[in-house]
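Remarks on the structure that follows.
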There are 2 protein chains.
Amino acid sequence: MEYYSEYPKFLISTDCIIFGFDNGKLQLLIRKRDFDPGRDLWSLLGGFVNSTESIDAAAKRILKKLTGLTHIYMQQVGAFGNIHRDPGQRVISVCYYALIKVGDYDERLQHKYNAVWVPIDELPPLFSDHSQMVEKARDMMQQKFAHEPVGFNLLPENFTLTQLQQLYEAVYGTIIDKRNFRKRVNEMKYIENTGVIDKTTSKRGAVLYRFNNTIYKQQQNFKL
Amino acid sequence: MEYYSEYPKFLISTDCIIFGFDNGKLQLLIRKRDFDPGRDLWSLLGGFVNSTESIDAAAKRILKKLTGLTHIYMQQVGAFGNIHRDPGQRVISVCYYALIKVGDYDERLQHKYNAVWVPIDELPPLFSDHSQMVEKARDMMQQKFAHEPVGFNLLPENFTLTQLQQLYEAVYGTIIDKRNFRKRVNEMKYIENTGVIDKTTSKRGAVLYRFNNTIYKQQQNFKL
DNA sequence: TCAAAAGTGTTAATAGTACACCCATGA
DNA sequence: TCATGGGTGTACTATTAACACTTTTGA
């Protein structure tokens with residue numbers, strides 16, 4: 001079954017834009033390359049696709065390797081295929097963004113891969129077309145946020161409304177009115193009050209909330 | 001410069017979802033395959049990427065070949081990379097959607113490539129994962145419509161407001177109130193009255209409008 | 001006692017939706 | 001003269017935005 005023998009073949013990599021939320025800021029996990037090409041430049045975390053896996057599976061494998069995490073929320077950003085995007089040789093990259101809980105990230109891997117968290121608004125210039133990838137990913141991620149409750153992937157299991165609000169402020173780069181925000185959250189039945197009060201963020205303490213996916217899905221079904 | 005010699009390489013194709021607007025309906029240009037694999041099945045129009053071109057350039061080349069048109073509005077839908085998506089051998093496809101003016105399409109190419117226009121809601125089952133591609137492309141295209149004036153790519157240079165409305169109705173699959181629609185259009189200064197009256201669509205005749213990209217861009221700049 | 005974050009409602013402005021009739025013309 | 005598509009305005013509803021003070025508590 002060799003219908004296509006006359007066509008050229010290409011190396012395929014996947015690059016991952018790993019979003020985290022920490023310190024009131026959106027952060028990206030990037031690494032300083034200790035290999036060629038682009039040695040000593042900052043870049044996204046990536047790797048090559050194997051012939052035995054789908055591209056999605058490759059991205060999952062690489063994310064697992066670089067963060068220690070499985071079941072990561074992940075979306076494809078797109079394929080990047082300019083001829084000279086990789087100075088080594090022709091490589092086509094399929095880019096993904098991922099949303100992870102910074103607290104779950106295995107810190108030991110930072111040293112192993114030369115990786116650091118950097119606030120997205122303070123990124124250094126990145127290797128090759130990686131800055132373009134980040135830009136596109138950020139746009140897509142904002143769009144997602146506007147239509148689906150994906151923010152929970154960036155927060156701990158239980159979170160305060162102030163944390164949730166800060167997350168949305170970081171994602172959109174705006175400030176949001178506290179009362180309007182809480183009014184809206186209050187109508188989202190899938191954001192549920194756990195009854196637990198957390199004292200780590202303030203003296204008075206704040207109620208912890210949690211995302212209830214079951215309720216969310218039920219609610220979605222009603223819309224059809 | 002062979003840093004990557006140990007990694008596998010892949011065939012890359014691009015598949016094009018070609019949207020047209022005709023007869024009050026959104027239509028797709030698809031072809032009946034007269035080659036293997038998937039002979040006699042319906043599929044999108046596609047082709048392989050050459051080593052001397054970017055993926056975008058490959059898509060443009062293929063669109064030119066299959067429609068006779070250049071300067072086509074085109075957006076990447078994404079990469080499709082399941083292992084067995086092509087029954088022949090492993091092929092990764094980067095999918096694009098394109099918006100074209102049906103009137104500009106070179107009809108002779110229909111016969112050459114076994115292509116036909118089919119209303120998007122009446123598509124037959126398609127080869128491989130092409131139906132999934134169409135679904136994703138349709139979603140993305142709707143999103144685009146909601147945020148940017150891209151509909152003009154599907155209409156003749158000059159068009160009536162009824163045509164424009166029918167286009168939006170076809171894209172969203174809803175019916176729109178005529179007065180509300182015209183009120184909104186009236187506020188979009190980049191949709192300009194040409195003063196010309198067209199008598200082909202009615203006895204009374206309807207005013208022809210035109211998209212003014214210069215005004216649109218100016219207006220965009222104000223928003224920054 | 002005071003600094004620091006948590007929590008709480010009302011009003012005004014804006015955007016969106018519903019709705020029905022007359023007009024101009026060619027056949 | 002009449003059938004066909006073209007064109008027009010107003011009232012209601014829903015959504016979004018603006019805005020300031022009290023509460024709790026540990027240091």
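Each chain gets a letter, A, B and so on, in the order the sequences are listed, and its residues count up from 1.
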side-chain contact (heavy atoms from CB on, under 4.5 Å) partners of [X], counting only residues at least two apart:
{"X": "A:S131", "answer": "A:L126"}
{"X": "A:N23", "answer": "A:Q27"}
{"X": "A:T70", "answer": "A:K64"}
{"X": "B:T200", "answer": "B:D198"}

Can you say whether the rings of B:H130 and B:F127 are parallel (under 30°), tilted (30 to 60°) or perpendicular (over 60°)? perpendicular
Expected list for residues 93-101 of chain B: side-chain donor-acceptor pairs under 3.5 angstrom, two or more places apart:
unit_1	atom_1	unit_2	atom_2	d
B:S93	OG	B:S13	OG	3.4
B:S93	OG	B:D15	OD2	2.7
B:Y96	OH	B:D56	N	3.4
B:Y96	OH	B:D56	OD1	2.4
B:K101	NZ	B:F152	O	3.0
B:K101	NZ	B:L155	O	3.0

Over all strands shown, is B:T160 touching base, sugar-phosphate only, or nothing at heavy-atom distances under 4.0 angstrom? nothing
In whole Å, what is the span from the CZ atom of B:F159 to the C1' atom of D:dG6? 16 Å
Contacts of type salt bridge (charged side-chain N to carboxylate O under 4.0 Å, His left out), residue [X], not counting sequence neighbours:
{"X": "A:D121", "answer": "A:R138"}
{"X": "B:E122", "answer": "B:K25"}
{"X": "A:R61", "answer": "A:E53"}

I need the full list of side-chain hydrogen bond (donor to acceptor under 3.5 Å, both in side chains) pairs touching residues 144-154 of chain A, with sequence neighbours left out, sorted by first then second residue. A:K144-A:E148
Is there a residue in residues 166-175 of chain B whose heavy atoms reach under 4.0 Å of DNA chain C, and which residues are they? none
Taking any atom under 4.0 angstrom from a heavy atom of chain B, which nucleotides of DNA chain C are the first and last to qualify, 5' to 3'? C:dT17 to C:dG26
For nucleotides 18-27 of chain D, read 5' to 3', which letter fits each nucleotide if B means a protein heavy atom sits under 4.0 Å from the base, S means only the sugar-phosphate is that close, and - means neither? BBB--BBBB-
